[in-house]
Number of protein chains: 2
Amino acid sequence: MSKDSPNAASPSPARQRRSSDQVTLSQVAQAAGVSPITASRALNSPDKVSDSARLSVLQAVEKLGYVPNLVAGSLASSRSRLIAVIVPSLINSVFVEVIKGLQETLGAEGYQILLGNTDYDLDREYQLVRTFLGWSCSALVTAGLRHNKACHTLLANWDHPIMEVMELGKGMDLNVGLDHVAAGRCMAGHLIDKGYRHIVYVGARLSQDYRASMRFDGHKAVLKEKGIDAPLLELDTLGSLQAGAEGLAQVLAQYPHTQAIHFANDDLAAGALLAAQRQGLNVPGDIAIAGFNGLPLGQHVTPQLTTILSPREEMGRLAAKELIRRLSGKNVYRRQHDVGFTLQTGGST
Amino acid sequence: MSKDSPNAASPSPARQRRSSDQVTLSQVAQAAGVSPITASRALNSPDKVSDSARLSVLQAVEKLGYVPNLVAGSLASSRSRLIAVIVPSLINSVFVEVIKGLQETLGAEGYQILLGNTDYDLDREYQLVRTFLGWSCSALVTAGLRHNKACHTLLANWDHPIMEVMELGKGMDLNVGLDHVAAGRCMAGHLIDKGYRHIVYVGARLSQDYRASMRFDGHKAVLKEKGIDAPLLELDTLGSLQAGAEGLAQVLAQYPHTQAIHFANDDLAAGALLAAQRQGLNVPGDIAIAGFNGLPLGQHVTPQLTTILSPREEMGRLAAKELIRRLSGKNVYRRQHDVGFTLQTGGST
DNA sequence: CAGGAAAATGGTAGCGCTGTCATGATAGCG
DNA sequence: CGCTATCATGACAGCGCTACCATTTTCCTG
């Protein structure tokens with residue numbers, strides 16, 4: 001009856017307490033016969049307490065099934081070990097691979113990822129940033145250098161590391177990526193070297209996927225230098241195999257003399273290549289096809305897809321390493337890292 | 001000089017304060033001429049304050065650039081609006097699609113996803129669960145029904161909704177998924193109907209991907225009922241196009257009479273199909289190929305891949321809806337939801 | 001063994017917010 | 001007009017933890 005039930009009616013409590021029945025650090029400390037602060041240290045900076053204290057705390061943790069309340073810890077220390085990661089899409093496997101690289105490296109250091117998806121909407125990005133700052137994230141990773149005004153202001157006044165990945169340029173803080181204009185130039189150069197002159201660039205929603213439009217800029221510049229026209233076909237759906245097939249059909253209808261198509265990414269290119277096969281078109285005899293990213297799929301179709309290999313997981317890992325370096329207070333030698341890219345010529349061009 | 005700088009040297013402060021320079025709700029309240037609690041209500045339950053109070057609070061928020069400290073809010077209310085999501089892999093696009101479905105639906109209700117990746121390691125899952133419980137997550141979503149003992153204990157004592165997705169069975173709380181044994185039976189039945197008798201099942205790391213091994217169980221049962229042998233080839237790499245190509249080679253070497261291969265998933269199957277094409281093998285004439293998941297890729301290869309379509313995004317959306325229903329205190333009519341699957345016959349069998 | 005440095009431990013006071021209750025202001029009703 | 005429902009607001013305390021400083025204990029070293 002008068003057991004230590006949590007709801008034991010106190011004599012005349014002016015106010016009901018709302019404590020959860022969770023085991024707290026104080027209870028652990030009590031069980032271990034030390035003060036709460038020592039228990040805290042035993043768990044968070046083990047080398048600052050004696051072996052005996054550490055041992056008895058760990059035993060008490062085990063015995064009581066204590067799970068640290070990270071929310072309370074973060075509030076008290078204003079450090080959360082959370083890293084906000086904001087990407088424009090989860091469907092596009094490219095970003096997932098970057099996330100994987102980040103997660104491997106950050107996870108090993110005890111950081112947790114708080115994931116946000118903008119669906120290529122900069123206003124949505126701003127909302128996510130606000131939310132994430134509210135979680136006192138230790139750092140923020142975002143795909144791309146473009147933000148809306150409010151977001152820019154918010155980030156500029158934030159005093160934690162910011163890592164912008166994917167592309168290279170003048171960023172807010174740290175930056176790991178590659179030069180998309182150069183990548184576009186590279187592929188266009190390759191197509192011209194191969195002797196193609198009627199080349200169409202096909203992208204999907206370029207106003208959103210502005211990295212693809214930067215590649216088009218590079219592509220266009222090279223063709224212009226050669227005095228060649230650089231038609232652009234923009235699809236209204238997001239990149240996918242299906243969209244690639246449609247892109248092929250539209251190009252053939254709209255620009256019948258086309259010799260080569262430079263697709264904004266491998267999903268589109270592979271979709272076009274597979275569609276061409278279904279229609280009995282010869283690649284590259286009837287039409288040459290090139291992509292971007294170096295997805296595994298491109299290496300397994302016949303002919304192999306000519307593409308530009310972007311080191312995506314590597315980008316994530318490098319970004320994570322640089323963040324960790326910064327977060328542990330070390331000097332950052334370079335704010336900007338170019339991970340480069342590789343032209344991978346297959347049989348499709 | 002004597003402005004209200006945050007670091008104004010107090011006369012004789014016994015202790016240095018470590019306040020961040022962040023704008024707090026109290027400052028907003030002061031600027032708006034109301035008490036902090038009214039400011040809190042103006043932001044979190046707007047219909048509980050007068051229009052005038054709400055307006056002045058919102059103006060003050062705007063003016064000061066206030067960003068709510070969600071950590072403090074969560075600690076005080078012990079509600080975080082975070083949803084833990086634990087998946088075994090990010091490379092496998094299947095889980096990413098489920099995450100996308102979850103995120104769409106949960107995001108619309110103001111929940112944030114805390115993402116964890118176990119790499120198919122149940123001990124790692126336990127660690128993630130501990131961490132996530134420490135964040136006072138509102139709910140937890142995990143892929144699969146299997147957990148290690150410690151994890152099971154932890155979850156069983158946790159008093160928030162738990163949603164187990166992907167497969168169907170006796171779960172801890174809520175469950176949305178499909179019957180993998182039935183899916184395996186379905187595909188095996190199809191292959192037998194088509195007249196194939198020498199059928200090999202090819203999976204990758206079945207001890208980890210136990211849903212694939214459940215499909216094999218179904219497959220095996222059907223063949224056994226027909227008195228047919230059911231050889232299994234297990235690859236030691238994770239599912240990928242490359243692994244599928246290797247699987248095909250191994251099957252041809254080890255079981256030369258094989259008429260059909262039932263692959264554990266579409267990545268493997270598509271890899272094998274593309275490899276067969278490169279080698280000049282006729283599909284399904286020389287060898288029939290079937291997969292599982294219904295990835296877009298399978299629909300774009302020639303011949304189209306016979307596969308089983310699993311509603312992945314739908315699974316995520318349904319799981320999210322059920323969670324939201326539970327979190328908003330409504331009754332849950334059914335703890336278990338079968339999202340089903342569809343046999344999709346292509347030219348590959 | 002004195003003297004001082006280093007290591008181990010603890011007391012106190014919040015981190016910024018919200019749940020609980022109490023109170024004042026406004027409205028409703030016979 | 002008095003009395004009760006309703007709304008709007010505020011005071012208080014504390015969620016569980018850690019930073020800061022102070023104190024005690026241990027360990028050297030000459």
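Quick caveat: nothing in here was measured; it's all calculated off a predicted structure. Throughout, a chain's letter reflects where its sequence line sits, starting with A, and its residues are numbered from 1. The basis for the numbers below is simple: all heavy atoms, side chains too, and nothing from hydrogens, waters or symmetry mates.
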In whole angstroms, how far is the [atom2] atom of [N] from the [atom1] atom of [X]?
X        : N      : atom1 : atom2 : answer
A/Leu55  : C/dT9  : CG    : P     : 12 Å
B/Leu70  : C/dC15 : CG    : P     : 18 Å
A/Arg81  : D/dC17 : CZ    : C1'   : 16 Å
B/Leu25  : C/dG16 : CG    : P     : 11 Å
A/Leu75  : D/dC17 : CG    : P     : 12 Å
B/Trp135 : D/dC15 : CH2   : C1'   : 15 Å
A/Gln27  : D/dG16 : CD    : P     : 9 Å
B/Gln30  : D/dT9  : CD    : C1'   : 17 Å

Closest to the [X] side chain: [options]?
X       : options                : result
A/Ser35 : C/dT18, C/dG16, C/dG11 : C/dG11
A/Asn69 : C/dG16, D/dC17, C/dG11 : D/dC17
A/Ile37 : D/dG16, C/dT18, C/dG10 : C/dG10
B/Ala76 : C/dT18, D/dG10, C/dT9  : C/dT18
B/Val34 : D/dG10, D/dG16, C/dG16 : D/dG10

May I ask you to say what B/Val71 touches in the nucleic acid, namely base, sugar-phosphate or nothing, with a heavy-atom cut-off under 4.0 Å?
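Result for B/Val71 = nothing.
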Pick base, sugar-phosphate or nothing for B/Arg54, based on heavy-atom distances below 4.0 Å to the nucleic acid.
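Answer is nothing: B/Arg54 stays at 4.0 Å or more from every strand.
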When you check the phosphate oxygens OP1 and OP2 of [N], does a side-chain N or O of [X] lie under 4.0 Å from one of them?
X       : N      : value
B/Ser50 : D/dT9  : yes
B/Asn44 : C/dT18 : yes
A/Thr38 : C/dT9  : no
B/Tyr66 : C/dC17 : yes
B/Arg79 : C/dT18 : no

Donor on one side chain, acceptor on other, B/Gln112 and A/Thr131, under 3.5 Å
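Not at all, the side chains of B/Gln112 and A/Thr131 share no donor-acceptor pair under 3.5 Å.
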Side-chain donor/acceptor of A/Arg41 to base of C/dG10, under 3.5 Å
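Side chain to base: pair present.
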A/Arg81 side chain vs A/Ser74 backbone, donor-acceptor pair below 3.5 Å:
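No, because the side chain of A/Arg81 does not come within donor-acceptor range (under 3.5 Å) of the backbone of A/Ser74.
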Hey, could you give me the CG/CZ distance between A/Leu128 and A/Arg124, rounded to the nearest 0.5 Å?
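A/Leu128 CG to A/Arg124 CZ: 4.5 Å, rounded to 0.5 Å.
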Take atom CD in B/Gln27; do more than 12 heavy atoms of anything else shown fall under 6.0 Å from it?
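Above 12, so yes.
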Tell me whether B/Glu313 at atom CD has more than 12 heavy atoms from other residues, nucleotides or ligands lying less than 6.0 Å away.
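More than 12 within 6.0 Å, yes.
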With nearest nucleotides of DNA chain D determined for B/Ala72 and B/Gly33 from heavy-atom distances, which residue corresponds to the more 5′ nucleotide?
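Nearest nucleotide further toward 5': that of B/Gly33.
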What orientation do B/His152 and B/His147 show, parallel under 30°, tilted 30 to 60°, or perpendicular over 60°?
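It falls in the tilted class, 30° to 60°.
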